[in-house]
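To start, the structure under review is shown below, and the notes come after it.
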Amino acid sequence: APARAIWIGFATRIVVWANGGIRKTIERPDKDADHNLIYDCTFDTAGSFWMSASEGNVRRYRDGRWETMLASGDDADFYPTTMVQAPRGGVVVQTGDRLVWIDDSGRRSSMQLDFGGSELKVLMLYATGDDLYAAGAFGLSRFRAGQVDTIRADPVSPDSRINGIVRTAE
């Protein structure tokens with residue numbers, strides 16, 4: 001895909017928009033699913049396009065073909081929603097009450113999330129340097145080198161939800 005292009009997810013296709021026009025249209029493999037809403041998408045460090053969709057799969061588009069990287073019925077507590085490029089390659093996907101790290105080769109590891117009693121389970125994910133941040137109504141958790149540090153919202157409620165994180169310049 002062209003540099004600085006915008007990839008747009010429609011119900012049946014992905015459109016690559018660059019330099020003021022459509023440069024490529026990619027048919028989605030789940031285009032006939034009853035529910036094919038895209039929850040989130042990202043690029044990995046190799047430039048491959050990833051998406052999580054309501055039909056229950058996480059897919060990667062690489063070298064002109066789709067690959068299912070995480071599917072309904074896999075070991076993860078499954079309902080893929082938010083995702084982000086992982087700090088060291090691959091992607092991180094929220095699947096229900098777990099974060100799943102998928103590296104570029106497809107290997108996976110996961111970690112249980114602690115929502116601290118919050119009923120709101122969808123997170124906002126942000127990655128920078130070696131850190132992955134997960135934010136929601138429970139507060140903010142930082143994942144680094146297998147360790148988790150959490151700042152709890154007080155009190156936990158739908159009104160305490162964190163909806164954005166940004167890092168200042170060096």
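Because the structure is a prediction, the values reported are computed rather than measured.
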Hits for side chain to side chain donor-acceptor pair (under 3.5 Å) against S141, two or more places apart or cross-chain, chain-then-number order -> T150
Shortest non-hydrogen separation from R60 to M69 and the atoms involved: NH2-CE, 3.5 Å
Criterion side chain to side chain contact (heavy atoms under 4.5 Å, CB included) on I102 and L70, from CA distance to verdict: CA-CA 9 Å; I102 308 170; L70 197 59; 4.2 Å; yes
Quick check: is I22 connected to I14 through a chain of hydrophobic side chains (ILVMFWY, heavy atoms under 4.5 Å apart)? no
For D104 versus G89, what's the shortest heavy-atom pair and its separation? OD1-C, 4.2 Å
Is any side-chain heavy atom of D40 closer than 4.5 Å to a side-chain heavy atom of L125? no
Which atom of M83 lies closest to which atom of S52, heavy atoms considered: SD-N, 3.7 Å
Joint hydrophobic cluster, I6 plus F10, side-chain heavy atoms closer than 4.5 Å: yes
Rounded to the nearest 0.5 Å, what's the gap from CZ on F49 to CG on D44? Could you check? 11.5 Å
Applying a strict under-4.5 Å side-chain criterion to I, L, V, M, F, W and Y, I'd like to know whether I38 and I26 cluster together. yes
Nearest non-hydrogen partners of S110 and V100, listed with the distance: CB-CG2, 4.0 Å
Please confirm whether the backbone N or O of M111 pairs with a side-chain atom of W101, one donor and one acceptor, at under 3.5 Å? no
Partners passing side chain to side chain donor-acceptor pair (under 3.5 Å) against T68 (at least two apart in sequence or in another chain): R59
Within a reach of under 6.0 Å around CD1 of I151, are more than 12 heavy atoms found that belong to other residues, nucleotides or ligands? no
Are any side-chain N or O atoms of R4 and backbone N or O atoms of A18, one a donor and one an acceptor, separated by less than 3.5 Å? no
Interatomic spacing from CZ in R65 to CG in D63 - rounded to 0.5 Å: 7.5 Å
Calculate, to the nearest 0.5 Å, the distance between atoms CG and CZ belonging to L113 and R98 respectively. 8.0 Å
Salt bridge or not between R142 and D149? Use side-chain N to carboxylate O under 4.0 Å. yes
Closer than 4.0 angstrom, basic N to acidic O: yes or no for D114 and R152? yes
Looking at A53 and R28, what are the two nearest heavy atoms and their distance? CB-NH2, 3.7 Å
Quick check against the 3.5 Å criterion: does Q94 have a side-chain atom that pairs as donor or acceptor with the backbone of G96? yes
What do the steps show when you test Y126 against D131 for side chain to side chain contact (heavy atoms under 4.5 Å, CB included), and what is the final call? CA-CA 8 Å; Y126 178 76; D131 298 332; over 6 Å; no
How long is the span from the OG atom in S48 to the OH atom in Y61, to the nearest 0.5 Å? 10.5 Å
Straight-line distance of M51 CE to L37 CG, nearest 0.5 Å: 10.5 Å
Connected via hydrophobic side-chain network under 4.5 Å: V84 and M124: no
What is the minimum heavy-atom distance between T95 and P80, and which atoms define it? CG2-CA, 4.1 Å
Hey, quick one: are V92 and F115 part of the same hydrophobic cluster, counting side-chain heavy atoms closer than 4.5 Å, chains of contacts allowed? yes
Under a 4.5 Å cut-off applied to non-hydrogen side-chain atoms, are L123 and Y133 in contact? no
Nearest 0.5 Å please: distance from the CH2 atom of W66 over to the CD atom of E27. 10.5 Å
Could you go through L99 and L132, starting from their C-alpha distance and side-chain angles, then the distance that decides it, and tell me whether this counts as side chain to side chain contact (heavy atoms under 4.5 Å, CB included)? CA-CA 10 Å; L99 284 180; L132 173 73; 3.8 Å; yes
Decide yes or no on side chain to side chain contact (heavy atoms under 4.5 Å, CB included) for Q85 and T45, but give the supporting numbers first. CA-CA 7 Å; Q85 184 182 103; T45 53; 3.5 Å; yes
